[in-house]
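Encoded as structure tokens, the structure appears first; notes follow it.
Letters go in sequence order (proteins before strands), and every chain restarts at 1.
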Amino acid sequence: MAFTEEEVKSEVIWAMKALYNKGLMTGVGGNASARLPNSEEIWITPSGLYKPRLTEEDLVKIDLEGNVIEGVLKPSMEWHFHTEIYKRRSDVNAVVHAHSPYSTGLAIAGVEIRPITLEAALMLAKVPVVPFKYPGTKELAEEVGKRIMGTRLLILQNHGVIGVGYEMIEAVTAVEILEEVSMMTFIAKLMGRLIEIPPEEIEVIKKLYRI
Amino acid sequence: MPYGYVGKVLWINLTDKEIKEHPFDNEVLRNYIGGSGLAAKIIYENVPPETDPLSPENLLVFMTGPLTGTIIPGSGRHTVSAKSPLTGIWGEANVGGYWGTEIKKAGYDGVIFEGASEKPVYLLIENSNVQIMDAGDIWGLDALETGEKLQEKHGKVRVSAIGRAGEKQVKIANIISDDGRAAGRTGLGAVMGSKKLKAVAVKGTGTIQIAEPQKLRRLISRVLVTIRADPHVQILASYGTDGIMLPMHTYGDVPIKYFTMGEWEGLEKICGEAMVQTILVRQYACHACPIGCGRIVKVDEEPYKMEGHGPEYETAASLGSLLLIDNLKAIAKMNDLCNRYGIDTISTGSVIAYAIECYEKGLLKTDVKLEWGNPDLAIKLIKMIGEKQDLGELLSQGVKKMGEELGGEAEKLALHVKGLEIPMHDPRAFYGMALQYATSHRGACHLRGLMYQIEQGVRIPDLGIHKRYHRDTLMDKPEPLIAMQNWHDLLDSLVLCKFVAIPPATVAAMYQLATGIDLKLKDLLKAGERTYNLKRLYSIKCSPTGREDKLPHRFMEEPLAEGGAKGMIPRELREALKKYYELRGWDEKGIPTEEKLKELGII
């Protein structure tokens with residue numbers, strides 16, 4: 001968890017490297033942002049740069065209306081949905097966007113993620129799918145905003161995934177788990193069967209998340 | 001003095017206007033930790049059981065714990081304790097926000113009030129500068145106005161205050177902190193009012209010393225992801241505590257029409273999701289909270305116009321479904337009025353519902369036409385209770401006293417345990433809740449046990465809760481309930497929020513890193529058991545009520561005809577109690593044995 005602005009920036013850099021190293025985005029694919037709790041300003045990755053090699057000085061500080069406060073580069077084109085999420089969820093201090101191949105691929109195939117592991121049930125619940133809207137648009141941000149309550153993950157149809165958290169570890173972990181469970185689902189579907197955890201064992205999760 | 005603590009409390013004698021500092025012995029802190037545990041030790045030793053709760057001899061104890069105000073998630077809480085004027089036994093309430101953090105920064109672990117002032121006063125704490133101030137110009141203001149006025153006067157102070165109900169010693173009066181957070185239960189606002197103490201305003205600029213700050217920081221940064229993996233966290237963050245209304249209703253847990261109906265379509269209009277879609281302005285998070293379950297809401301239209309803290313689940317149910325009111329804007333207004341008068345929303349909804357039922361059955365005669373589903377009537381009654389006027393005078397005493405006054409059949413209909421109105425979880429839907437309510441030391445308490453979570457399959461391995469418990473069995477519940485009660489009493493000593501579900505072993509590690517005291521989890525849980533027994537003992541000494549471990553007739557004899565708890569009754573309560581007493585080391589009357597008290601070091 002970040003307690004200072006410097007730590008916030010280093011978490012954003014770490015997130016990009018972690019997602020890239022996991023194969024969840026290409027060098028020009030994803031983006032990330034973070035803020036100090038209760039702050040109205042975020043640090044976001046810049047647009048158009050090779051993400052795994054970003055340094056703290058490349059980051060851009062913007063307010064929740066997208067105005068640049070600090071930094072010389074242009075903020076990520078997806079700043080609209082980043083700020084939309086922060087406006088709606090004051091418990092969220094980190095947002096990442098990746099192009100996780102299995103998670104995105106299953107959504108393209110119209111396959112829903114089910115609670116096949118305890119981790120999946122806990123962290124993923126029922127992952128909402130956001131209908132396709134052109135990347136970088138306000139329309140996409142509005143659709144994201146409509147679905148971000150009660151979840152830490154969204155799948156963007158034909159685009160990628162969004163993970164959010166109180167801090168960066170949670171946002172990145174959510175995206176990682178989604179991809180892991182998507183791979184399991186893919187394998188199970190390929191083999192022809194998908195057995196879920198007995199519902200009684202995860203009753204509280206099923207009730208709260210309505211899955 | 002160990003880290004985490006400041007090491008002293010303020011001891012204020014309001015009769016003599018004397019301000020003293022009271023240090024704590026390290027051994028006492030090891031045994032009673034802080035918060036309401038330490039308060040219990042102080043009250044047990046200084047307030048004889050026969051004391052009139054509204055007399056100057058009662059103490060009012062505001063207390064933080066060793067973890068309050070640190071960077072530990074959920075540490076923004078404090079407790080308030082006294083002998084309760086509502087129940088006549090042990091009384092305590094727990095509240096979030098920033099007041100607790102502020103008083104520690106000012107250099108005190110808490111503040112204890114004894115005696116009573118002749119004229120209204122408030123206490124002003126600006127670091128070590130502590131003054132008893134004349135409250136002539138704020139006496140009569142509501143609790144929120146009082147906070148605003150004191151901030152105008154003294155700058156950025158954090159305020160705990162009573163409203164007009166506390167001033168009038170309404171038995172269900174509470175104490176409001178930080179613009180709308182309530183130390184709600186057991187009528188402690190009346191104790192404050194009896195002392196002519198309007199408010200405690202605090203400004204602190206110091207720092208809380210931590211034994212191992214870097215290690216604590218590193219630990220927190222790595223466990224947050226696990227803490228937030230709890231599904232309750234996502235729901236609480238997005239929809240507030242009222243987000244549990246619809247899931248809990250599937251069990252028949254949400255009380256409807258004073259616990260007489262099992263289904264009602266109105267819940268869809270007053271649940272957490274509806275709040276987000278209609279009146280929510282933003283989330284509110286207490287100090288160091290990674291959830292932010294608080295709701296700031298706004299209603300623009302009269303007659304319900306308001307802006308401020310929104311209803312929590314307990315309030316949405318007590319002022320909503322309990323009364324068949326499905327207008328969320330009206331509930332927000334009612335909640336705001338309760339906060340302003342300084343009355344507990346759970347008890348307020350309960351006394352109104354009870355009055356309506358008695359009126360309908362011809363057991364209560366009044367000129368006011370009492371009916372279900374009428375928000376304007378409820379608002380009128382809230383004002384009457386807050387002002388202790390007309391019918392409000394009867395309602396302001398709580399359902400137990402109301403029942404005693406009305407007598408006969410009416411007494412049987414009053415829903416309470418040990419004089420404290422039943423919170424918004426139906427003990428017929430979760431049998432563990434029946435045992436929890438029956439055995440709670442402050443009367444019907446929803447916050448010590450949270451058995452409805454255990455009975456939905458939550459496991460807490462650190463507490464020995466490994467197996468799957470079902471909601472319709474009782475005889476297997478004493479063991480997990482005792483573990484949970486001790487754990488929650490410990491959390492109220494530390495003081496930590498119960499919704500930020502940090503695994504117990506991690507809490508123990510945090511405690512050690514914060515205080516430098518070498519107490520392991522088992523030692524801390526022993527402290528929880530110690531305070532649970534001490535509070536029980538005090539309640540029993542205060543009154544025979546203290547061991548009336550029973551549920552009202554409705555829950556034992558009147559099953560719901562529909563819904564998720566249809567036909568369910570916790571019939572084996574008496575047998576389960578026997579087992580519970582045995583496991584607790586209490587005798588067959590539910591009194592802690594000498595052997596148990598010696599083992600715990602209480603005597």
Side-chain angles (χ1 to χ4, degrees), chain A residues 1-4 7 10-11 14 37-38 40 85-94 115 118-127 145-153 163-174 176-177 197-211, chain B residues 71 73 213 217-240 243-244 246-251 253 272-273 275-277 280-285 287-294 296 452-459 468-471 500 564:
Chain A
M1 185 190 165
F3 293 94
T4 64
E7 286 170 342
S10 102
E11 298 263 272
W14 167 79
N38 304 320
E40 296 284 301
I85 292 169
Y86 291 117
K87 281 181 195 169
R88 291 187 186 241
R89 292 276 301 267
S90 62
D91 66 308
V92 165
N93 300 303
L118 187 59
E119 216 172 33
L122 273 172
M123 292 293 283
L124 310 188
K126 187 173 179 176
V127 185
K146 279 184 207 165
R147 292 168 178 81
I148 197 60
M149 304 307 280
T151 184
R152 50 169 73 80
L153 282 160
V164 307
Y166 182 72
E167 33 93 54
M168 193 58 85
I169 291 176
E170 183 182 351
V172 170
T173 304
E176 285 177 342
I177 292 174
I197 299 176
E200 190 202 272
E201 293 292 334
I202 51 168
E203 186 178 322
V204 66
I205 302 167
K206 288 181 78 74
K207 285 281 182 185
L208 287 171
Y209 286 154
R210 299 185 211 174
I211 49 177
Chain B
I71 57 170
R217 244 170 87 144
R218 280 202 296 274
L219 175 65
I220 291 169
S221 70
R222 283 170 294 161
V223 299
L224 261 174
V225 67
T226 315
I227 295 168
R228 292 220 356 137
D230 185 325
H232 288 98
V233 168
Q234 284 297 305
I235 298 302
L236 293 179
S238 291
Y239 304 120
I244 69 165
L246 295 182
M248 293 306 281
H249 175 58
T250 62
Y251 294 104
D253 179 68
E273 289 88 335
M275 206 180 312
V276 169
Q277 286 157 12
L280 182 73
V281 176
R282 61 182 167 86
Q283 290 165 253
Y284 170 93
H287 165 84
C289 177
I291 302 179
C293 70
I296 301 299
Y452 61 84
Q453 291 189 2
I454 301 300
E455 293 174 302
Q456 286 178 74
V458 169
R459 271 88 154 170
R468 174 71 170 92
Y469 288 96
H470 295 272
R471 66 191 182 113
V500 184

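Between B/Arg217 and A/Glu7 a salt bridge is recorded (basic side-chain N to carboxylate O distance below 4.0 Å). Between B/Glu273 and A/Arg210 there is a salt bridge, with a side-chain nitrogen of the basic residue lying less than 4.0 Å from a carboxylate oxygen of the acidic one.
For B/Leu236, no part sits under 4.5 Å from any heavy atom of chain A, backbone or side chain. In this structure, the portions of A/Glu201 lying under 4.5 Å from any heavy atom of chain B include both its backbone and its side chain. Neither the backbone nor the side chain of B/Cys293 comes within contact range of chain A; no heavy atom of the residue lies under 4.5 Å from a heavy atom of that chain. For A/Met123, the part lying under 4.5 angstrom from a heavy atom of chain B is the side chain only. B/Ile291 touches chain A through its backbone: at least one of N, CA, C or O sits under 4.5 Å from a heavy atom, while the side chain does not. Looking at A/Ser90, the atoms closer than 4.5 Å to chain B (heavy atoms on both sides) sit in the backbone and in the side chain alike. Residue B/Arg468 touches chain A through its side chain alone, counting heavy-atom pairs closer than 4.5 Å. Looking at B/Val276, the atoms closer than 4.5 Å to chain A (heavy atoms on both sides) all sit in the side chain, from C-beta outward. For a residue to count as touching a neighbouring chain, one of its non-hydrogen atoms must lie under 4.5 Å from one of that chain's; by this rule B/His232 touches chain A with backbone and side chain alike.
Among all heavy-atom pairs drawn from A/Ile85 and A/Val92, the shortest one is CG2-CG1, 4.0 Å.
Per-residue counts of heavy-atom pairs under 4.5 Å with chain A were compared for B/Gly292, B/Gly243, B/Pro231; the largest is that of B/Pro231. For the options B/Arg228, B/Gln456, B/Arg218, heavy-atom pairs under 4.5 Å to chain A are most numerous at B/Arg228. When the candidates B/Glu455, B/Arg282, B/Arg459, B/Arg222 are compared by the number of heavy-atom contacts under 4.5 Å with chain A, B/Arg459 comes out ahead. Interface summary for chain B: among A/Ile205, A/Leu122, A/Asn38, A/Asn93, the most heavy-atom pairs under 4.5 angstrom belong to A/Leu122. With chain A as partner, the option from B/Ile244, B/Leu246, B/Ile220 having the largest number of non-hydrogen pairs under 4.5 angstrom is B/Leu246. The most heavy-atom pairs under 4.5 Å with chain B, out of A/Arg88, A/Lys87, A/Lys206, A/Glu200, come from A/Glu200.
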Does the pair A/Leu153 and A/Leu124 meet the rule for a side-chain contact (heavy atoms from CB on, under 4.5 Å), with working shown? CA-CA 7 Å; A/Leu153 282 160; A/Leu124 310 188; 3.1 Å; yes

Check the pair A/Val172, A/Trp14 against side-chain contact (heavy atoms from CB on, under 4.5 Å), reporting the backbone distance first and the verdict last. CA-CA 10 Å; A/Val172 170; A/Trp14 167 79; 3.7 Å; yes

Could you walk me through whether A/Tyr209 and B/Ile235 pass the side-chain contact (heavy atoms from CB on, under 4.5 Å) check? CA-CA 8 Å; A/Tyr209 286 154; B/Ile235 298 302; 4.1 Å; yes

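The shortest distance between side-chain heavy atoms of B/Tyr239 and A/Met149 falls below 4.5 Å.
When the shell of 6.0 Å around NZ of A/Lys126 is examined, it contains 12 or fewer heavy atoms from other residues, nucleotides or ligands.
In this structure, A/Glu11 contributes its side chain and A/Glu167 its backbone to no donor-acceptor pair below 3.5 Å. Under a 3.5 Å cut-off, the side chain of A/Arg89 and the backbone N or O of A/Val164 do not form any donor-acceptor pair.
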